[in-house]
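The structure appears below as structure tokens.
None of the values given here were measured: they were computed from a predicted structure.
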Amino acid sequence: MIGVELRKLALRPRVWVSVLLLCLLPAIVGVFLATADFAPPPGQGGAFLSAVVSDGALFPAAALALVLPLFLPIAVAVTAGDAIAGEASTGTLRYLLVRPVGRTRLLGAKLVSLAVYVTAAIVIVVLTSLVLGVILFGTGGTPGVAGPGEQPAGVTSLSGQSLSSSGLGLRLLGAVTYVVVSMLGFAAITVFLSTVTDSALGAALGGLAVLITSSVLETLDAAASVKPYLPTHYWLSWIDFFRDPVLWRNIDHGLLLQAGYIVVFFGAAWANFATKDVTS
């Protein structure tokens, strides 16, 4: 069943279009940074944008900072909203369940395929950004690829400490893992909405409404008491992987919060889907 869902996901053109668009935004920003005569001053502009001009190896981190606040959640909401509601709206859900396929097994396969999509999309963004960053900005402050006999300088962390290539790779891996878990927490909310409605668009818009509401509440001082529990509150805490030493406090809190969202809303999705009437 998981293989079937993965094939269906891979054969949908909109899935690849969403991944392409996610890669396109960092590419456009990178080209503008490489062709402009100036870069954002240190500490200004998007995260890492002032640093990538001196070392393209940091461009994947900048790419994550660019796609995470809006574009990546939109792609996740559209895909997650289609998980159950899309099958219901096209009339294929009832035929799937007529077969000897349990609802729990079907929902589990949908969740696995969604996790694969989120992970693959983020990894593709990181890899394409790494290649583009090295081509456009080089490594260790040398534009383009380092010349023969040149040793690229170590990457500088946000705390001003030098990072080795292996250290940077481990921190990128940690950041990617954190972002994947964060997106799965958001996806859990949208999957639950997908079991409530027969409209994939309605489920996706519901997920985006949660995203917008959470983002707006983040800006209000009056909402200080609920901010630590908002789904978007710790999304950008992956940046702490690039400090030296790594600041684990917000990372740990963010992972715990997203784990709560995953358990609660995937559980709610299962409870609702297990009793859902799909014969009408």
Side-chain angles (χ1 to χ4, degrees), residues 1-2 4-25 66-98 101 103 106-122 124-125 179-180 182-217 230-232 235 258 261-262 264-280:
M1 194 65 192
I2 293 177
V4 172
E5 290 300 323
L6 290 176
R7 282 195 296 272
K8 288 166 60 176
L9 191 68
L11 293 176
R12 287 174 179 163
R14 66 174 177 267
V15 170
W16 296 105
V17 170
S18 67
V19 175
L20 176 63
L21 292 176
L22 288 174
C23 296
L24 188 60
L25 174 63
L66 288 170
V67 302
L68 179 56
L70 182 61
F71 292 94
L72 183 58
I74 289 176
V76 171
V78 171
T79 304
D82 189 61
I84 300 299
E87 300 280 9
S89 62
T90 58
T92 58
L93 184 59
R94 65 172 68 96
Y95 296 110
L96 281 173
L97 297 180
V98 165
V101 176
R103 297 191 180 200
L106 176 60
L107 183 60
K110 294 285 187 183
L111 300 182
V112 170
S113 66
L114 181 60
V116 170
Y117 165 75
V118 172
T119 304
I122 295 173
I124 290 173
V125 169
V179 173
V180 168
S182 297
M183 289 299 99
L184 288 179
F186 174 63
I189 300 173
T190 312
V191 169
F192 167 69
L193 296 175
S194 184
T195 65
V196 173
T197 178
D198 291 340
S199 170
L201 178 60
L205 290 177
L208 293 178
V210 172
L211 171 67
I212 294 171
T213 301
S214 179
S215 300
V216 170
L217 289 178
L230 296 175
T232 61
W235 274 8
Q258 297 307 327
Y261 274 108
I262 291 171
V264 170
F265 282 96
F266 276 164
W270 172 82
N272 187 61
F273 185 56
T275 58
K276 185 179 179 69
D277 180 14
V278 298
T279 59
S280 60

Least distance between heavy atoms, [X] atom then [Y] atom:
| X | Y | result |
| --- | --- | --- |
| Pro73 | Leu208 | O-CD2, 4.5 Å |
| Leu22 | Ala121 | CD1-CB, 4.2 Å |
| Leu66 | Phe71 | O-CD1, 4.2 Å |
| Gln258 | Gly185 | OE1-CA, 3.4 Å |
| Ala85 | Thr197 | CB-O, 3.4 Å |

* Yes or no on side chain to side chain contact (heavy atoms under 4.5 Å, CB included) for Val19 and Tyr117, after CA distance, side-chain angles and deciding distance? -> CA-CA 9 Å; Val19 175; Tyr117 165 75; 4.1 Å; yes
Once side chain to side chain contact (heavy atoms under 4.5 Å, CB included) is applied, do any residues pair with [X], and if so which ones, sequence neighbours excluded?
| X | value |
| --- | --- |
| Thr232 | Leu211, Ser214, Ser215, Glu218, Trp235 |
| Ala80 | Leu114, Ala187, Thr190, Val191 |
| Thr119 | Val123, Val180 |
| Ala268 | Phe192 |

* Who are the ring pair (Phe, Tyr, Trp, His ring centres under 6.0 Å) partners of Tyr261, not counting sequence neighbours? ->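 If we apply the ring pair (Phe, Tyr, Trp, His ring centres under 6.0 Å) test to Tyr261, skipping adjacent residues, the hits are Phe265.
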* Give every residue pair that meets the salt bridge (charged side-chain N to carboxylate O under 4.0 Å, His left out) criterion with at least one member in residues 12-24, sequence neighbours excluded. =>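 Every pair satisfying salt bridge (charged side-chain N to carboxylate O under 4.0 Å, His left out) with a residue in residues 12-24: Arg12-Asp82, Arg14-Asp82.
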With the side chain counted from C-beta on, respond yes when [X] and [Y] share a heavy-atom pair under 4.5 Å apart, and no when they do not.
| X | Y | value |
| --- | --- | --- |
| Val78 | Ser18 | no |
| Val116 | Ile2 | no |
| Ile84 | Lys110 | yes |

* **Listed partners of Ser113 passing side chain to side chain donor-acceptor pair (under 3.5 Å), at least two apart** =>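 Not a single residue meets the side chain to side chain donor-acceptor pair (under 3.5 Å) criterion with Ser113.
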* To do: Using the test side chain to side chain donor-acceptor pair (under 3.5 Å), find all partners of Arg7 that sit at least two apart in sequence or belong to another chain.
  => none
* Can you tell me how far the CG atom of Leu20 sits from the CG atom of Leu25, to the nearest 0.5 Å? ->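 Rounded to the nearest 0.5 Å, the CG-CG separation comes out at 11.5 Å.
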